[in-house]
Each structure stands twice: as structure tokens, then as C-alpha cells.
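Convention: sequence-line order gives letters A, B, ...; per-chain numbering from 1.
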Number of protein chains: 2
Amino acid sequence: MKLPVSTEWLLHCAASLAQLEAGATASATQLAQYFDVPAAYLAKQLQSLVRGGVLAATTGPRGGFRLARDAARITLLDIVEAVDGASDPYECREIRQRGRGALSPEECRSPCILARKMAEAHDAWRQSLAATTLADIVAAIPASAPARTRARLTGAP
Amino acid sequence: MKLPVSTEWLLHCAASLAQLEAGATASATQLAQYFDVPAAYLAKQLQSLVRGGVLAATTGPRGGFRLARDAARITLLDIVEAVDGASDPYECREIRQRGRGALSPEECRSPCILARKMAEAHDAWRQSLAATTLADIVAAIPASAPARTRARLTGAP
DNA sequence: GGCCCGGTACTCGGATACAGTTTGTCCGAGTCCAAGCGG
DNA sequence: CCGCTTGGACTCGGACAAACTGTATCCGAGTACCGGGCC
């Protein structure tokens with residue numbers, strides 16, 4: 001089980017976008033320079049967030065990415081699942097119905113107890129991530145940070 | 001984020017071994033036939049559980065795998081982490097210290113808030129899995145199952 | 001008959017190929033801004 | 001001087017290759033059992 005590296009990038013990107021003024025945008029190039037990561041690949045991953053409804057993108061000059069809705073309405077889970085997919089990492093393939101020890105279909109009416117326990121753990125993980133919003137993140141950093149972030153994102157030295 | 005398919009195999013293998021009489025063993029071949037999975041690959045993965053201290057292996061005829069300790073002392077987390085590794089799927093690479101928006105080292109004394117939230121979620125997942133033992137699994141299945149499992153594992157038609 | 005010895009078959013264990021996903025890169029479609037031209 | 005047109009540059013979006021982890025397989029090392037031979 002391993003999360004892509006881009007997950008970290010996008011979490012930080014979203015947190016940075018949350019520090020912008022309402023309506024302001026940042027381009028993929030600006031974000032890539034801000035974090036020193038491959039611009040093209042970052043752009044590709046940002047599209048995942050757009051598809052996931054977390055970010056909104058506008059093309060053309062002065063365009064870029066911005067949060068699709070208020071920072072208080074975007075949870076860390078939204079971001080992670082948009083990047084990495086929302087499927088349970090544990091996939092029950094009904095192994096109990098195969099091979100020499102196959103169970104009869106009647107015995108498999110209720111889902112496998114192991115799959116259920118794994119799903120519960122996944123839910124615990126999801127709930128933990130869903131408990132934090134981008135607004136919480138912004139509130140946790142120093143009050144002077146947003147102004148600096150905005151300045152450095154737009155490119156002024 | 002995706003868990004290997006073998007995770008399901010080994011969870012079921014461990015659950016089956018927990019249904020054996022104390023001291024009894026089952027070989028990789030028997031388990032593979034029981035679940036209809038590639039025997040060689042299953043054997044390789046069972047080694048992970050041996051290295052993780054979950055199973056004990058004895059070579060030679062009548063040999064095979066058995067639980068390394070009492071089923072009540074083996075949690076699902078022990079198995080999953082033995083197979084898949086115990087590292088946090090989210091790896092903080094301190095992206096905040098790189099690029100144009102790099103923070104000063106003093107500001108990075110405390111760990112990144114995002115990494116902390118992700119670690120909390122991982123802990124919630126771990127705790128959920130650690131709450132269930134193999135003994136709990138065995139207790140949840142019908143009382144008649146262990147006898148049948150033993151019969152079908154050993155190969156009697 | 002009991003004990004020792006050797007062969008055999010079965011077990012795990014690690015080293016070795018194949019495939020799918022993640023990572024990284026590229027170029028094209030669309031759009032807004034700005035300058036230049038005409039009225 | 002003002003408005004329209006046209007060019008340009010900048011943006012995202014999807015299509016196209018390399019690298020790494022997970023998947024699958026094989027053969028070798030070791031060990032307990034079983035049969036035969038010897039005392």
C-alpha cells in the first residue's frame with residue numbers, strides 16, 4: 001500500500017490555493033515553481049482534482065486553478081480520493097468461493113467477515129481525513145503566511 | 001493506494017490456520033489448493049508472515065506453517081503489516097522546504113500539519129485493524145466450520 | 001526381534017523473469033489580452 | 001479620439017514513453033520419515 005508522491009504535492013497545492021483571495025487563480029507553472037516539481041506532471045495531476053470537483057480551472061491568460069468551493073467545504077479526504085481514487089484498497093475477490101474449500105452460495109449471503117473488517121478500517125481512515133478541512137489547515141498556520149504565499153506564488157522576488 | 005491481492009490470500013490463510021488444532025501445520029501446497037491460487041507465489045508471501053513473526057514454518061515431511069502464537073494474540077494489523085509493510089503510505093518529503101516558497105528551517109521545527117493529519121488517519125486505520133484478532137474471526141464463523149476446514153485442508157475428498 | 005543406516009520424498013527459502021501502475025514528458029485546442037488599423 | 005480586428009502569448013487538456021513495485025515462476029538447501037540391512 002503506497003500513496004503516490006503527487007498526493008503530497010496536491011495537498012500542498014490545495015492548501016496554497018486556499019490562502020489566495022477569493023476568486024484569484026494560480027497557474028500550474030506557478031505552483032510547480034513554488035514547490036520545485038515537474039510542471040507538466042503537476043498539471044496532469046491537477047486535472048484529477050478538477051475532475052473530482054475540488055478545483056476549478058480557467059484557461060487563457062490570467063487563468064489557472066482555484067478552489068471549486070469554500071475552503072471550509074473541502075476536506076482532506078476530497079483531495080486524497082480525487083488524486084488516488086475512492087476505491088477501498090482492499091478488494092474482496094470472494095476467495096472463499098473458490099478452490100477445494102469453496103463455500104456454498106447460501107453461506108456467502110453475508111459478506112466475508114474479513115472484508116467487512118478491512119472496510120471498517122478504511123472507513124475509520126476516511127472519517128479521520130474527512131474531519132479536517134482546508135480552512136482548518138489555513139487556520140493552523142501563522143497569520144502572516146498567506147500574504148507571503150501569495151507574493152511568492154505570483155512570482156515577485 | 002492499493003493493497004496487493006495477496007493480502008486477501010494471507011488473511012484467509014491465517015484465518016484457516018487459526019482453525020487448526022494447536023500444533024498442527026498446513027503446507028503451502030495445501031493452502032494453495034484450498035484457495036485455488038498459485039502455490040509458488042503463495043509460498044513466497046507466506047514467508048513474509050514468517051519474517052513478520054506471525055507464522056512459524058517447519059521444513060520436511062509433515063512440515064508446513066502454523067501460527068507463531070495464540071490466535072488471540074494475532075491481530076489483523078499484524079498480518080497486513082507483515083505482508084504490505086508497516087510504513088505510512090503517505091511519505092512527507094518536506095516539500096515545504098523546496099522551491100520558491102521554501103520555508104526557513106526554523107519554521108519547520110514542528111512537522112508539517114498535513115503530514116500530521118495524514119499520520120493521524122493512518123493511526124486510525126491501524127487501530128481499527130488492531131482491534132480484531134484471529135480469535136475474534138474464528139468466533140464469528142459457524143461452530144461447524146473448523147472441522148470442515150481441517151478436513152478439506154488436509155486433502156480428504 | 002531390535003537398532004542403525006541410507007535413500008527418498010517432501011518441506012521451506014531465496015534468486016530469477018513478466019506485467020501493470022506510477023511517474024514523467026510532449027504537443028495540440030481554446031481563450032483572453034493587447035496592440036494596430038480604420039473610421 | 002473610439003471601436004473593431006487581428007495577432008500573439010498564455011492557459012489547460014489529453015495523448016504518448018520510461019521506471020518502479022507487484023505478480024508469477026523456478027530451482028536449490030534442509031529435514032523428517034520409511035525401508036532395508038546388520039547385530
Side-chain angles (χ1 to χ4, degrees), chain A residues 1-10 13 17 23-33 35-66 68 80 82-85 87 89-91 93 95 153-155, chain B residues 1-10 13 17 23-33 35-66 68 80 82-85 87 89-91 93 95 153-155:
Chain A
M1 177 171 52
K2 186 174 69 72
L3 249 56
V5 184
S6 47
T7 306
E8 183 184 8
W9 302 356
L10 293 178
C13 282
L17 290 174
T25 64
S27 72
T29 303
Q30 287 173 332
L31 287 167
Q33 288 180 349
F35 292 118
D36 187 26
V37 297
Y41 185 41
L42 179 64
K44 176 176 170 54
Q45 299 300 342
L46 285 167
Q47 290 176 27
S48 306
L49 288 185
V50 174
R51 289 196 213 99
V54 176
L55 298 186
T58 56
T59 63
R62 308 274 180 166
F65 296 92
R66 69 175 191 278
V80 172
V83 180
D84 198 60
S87 62
Y90 179 84
E91 186 182 353
R93 304 199 180 180
I95 198 179
L153 251 182
T154 53
Chain B
M1 178 170 52
K2 187 174 67 74
L3 249 55
V5 184
S6 48
T7 305
E8 182 184 7
W9 302 356
L10 292 178
C13 282
L17 290 174
T25 64
S27 73
T29 304
Q30 288 174 330
L31 288 167
Q33 288 181 348
F35 292 117
D36 188 26
V37 297
Y41 185 42
L42 179 63
K44 175 173 174 52
Q45 300 299 344
L46 285 167
Q47 291 176 27
S48 305
L49 287 185
V50 174
R51 289 197 212 100
V54 175
L55 298 185
T58 56
T59 62
R62 309 275 179 171
F65 297 91
R66 69 177 193 279
V80 172
V83 180
D84 198 61
S87 63
Y90 179 84
E91 185 182 355
R93 302 197 182 181
I95 199 179
L153 251 183
T154 53

| Within the distance-only criterion (no hydrogens, no angle test), does the side chain of A:Gln45 pair as donor or acceptor with the backbone N or O of A:Leu10 below 3.5 angstrom? |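 No.
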
| said: Test your reading of the model: is there a side-chain donor-acceptor pair from A:Thr25 to the backbone of A:Arg62, 3.5 Å cut-off? | reply: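 Yes, because the side chain of A:Thr25 sits within donor-acceptor range (under 3.5 Å) of the backbone of A:Arg62.
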
| task | Would you name the heavy atoms of B:Ser48 and B:Ala82 that are closest together and state the gap between them? | result |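 Between these two residues, the closest heavy atoms are CB-O, 3.7 Å.
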
| Minimum-distance pair of heavy atoms, taken over all atoms of B:Ile95 and A:Phe35 |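 Residues B:Ile95 and A:Phe35, closest heavy atoms: CD1-CB, 3.8 Å.
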
As a test of reading the structure: which of [options] is closest to the side chain of [X], going by heavy atoms?
{"X": "B:Pro38", "options": "D:dC34, C:dC12, D:dT25", "result": "D:dT25"}
{"X": "B:Ala57", "options": "C:dA15, C:dG13, D:dG13", "result": "C:dG13"}
{"X": "B:Lys44", "options": "D:dT25, C:dA34, C:dT23", "result": "D:dT25"}
{"X": "B:Tyr41", "options": "D:dT11, D:dA24, D:dG13", "result": "D:dA24"}
{"X": "B:Ser6", "options": "C:dC33, D:dT23, C:dT25", "result": "D:dT23"}
{"X": "B:Pro61", "options": "D:dC34, C:dC10, D:dT23", "result": "C:dC10"}
{"X": "A:Ala40", "options": "D:dA9, D:dA32, C:dT25", "result": "C:dT25"}

How many whole angstroms separate atom [atom1] of [X] from atom [atom2] of [N]?
{"X": "A:Gln33", "N": "D:dC10", "atom1": "CD", "atom2": "P", "answer": "12 Å"}
{"X": "B:Arg51", "N": "C:dG14", "atom1": "CZ", "atom2": "C1'", "answer": "8 Å"}
{"X": "B:Met1", "N": "C:dG20", "atom1": "CE", "atom2": "C1'", "answer": "18 Å"}
{"X": "B:Leu55", "N": "C:dG13", "atom1": "CG", "atom2": "P", "answer": "10 Å"}
{"X": "A:Lys2", "N": "D:dA19", "atom1": "NZ", "atom2": "C1'", "answer": "11 Å"}
{"X": "A:Gln45", "N": "C:dG24", "atom1": "CD", "atom2": "P", "answer": "9 Å"}
{"X": "B:Arg62", "N": "C:dA9", "atom1": "CZ", "atom2": "P", "answer": "16 Å"}
{"X": "A:Phe65", "N": "D:dC10", "atom1": "CZ", "atom2": "P", "answer": "17 Å"}

| Which sits closer to the 5' end of DNA chain C, A:Thr59 or A:Trp9, going by the nucleotide each is nearest to? |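 Per heavy-atom nearest nucleotide, the more 5' residue is A:Trp9.
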
| Can a side chain N or O of B:Gln47 be found less than 4.0 Å away from OP1 or OP2 on C:dG14? |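 Yes, within the criterion.
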
| query | Hey, does A:Cys13 have a side-chain heavy atom less than 4.5 Å from the side chain of A:Leu49? | reply |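 The answer is no, as the side chains (C-beta and beyond) never meet within the 4.5 Å cut-off.
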
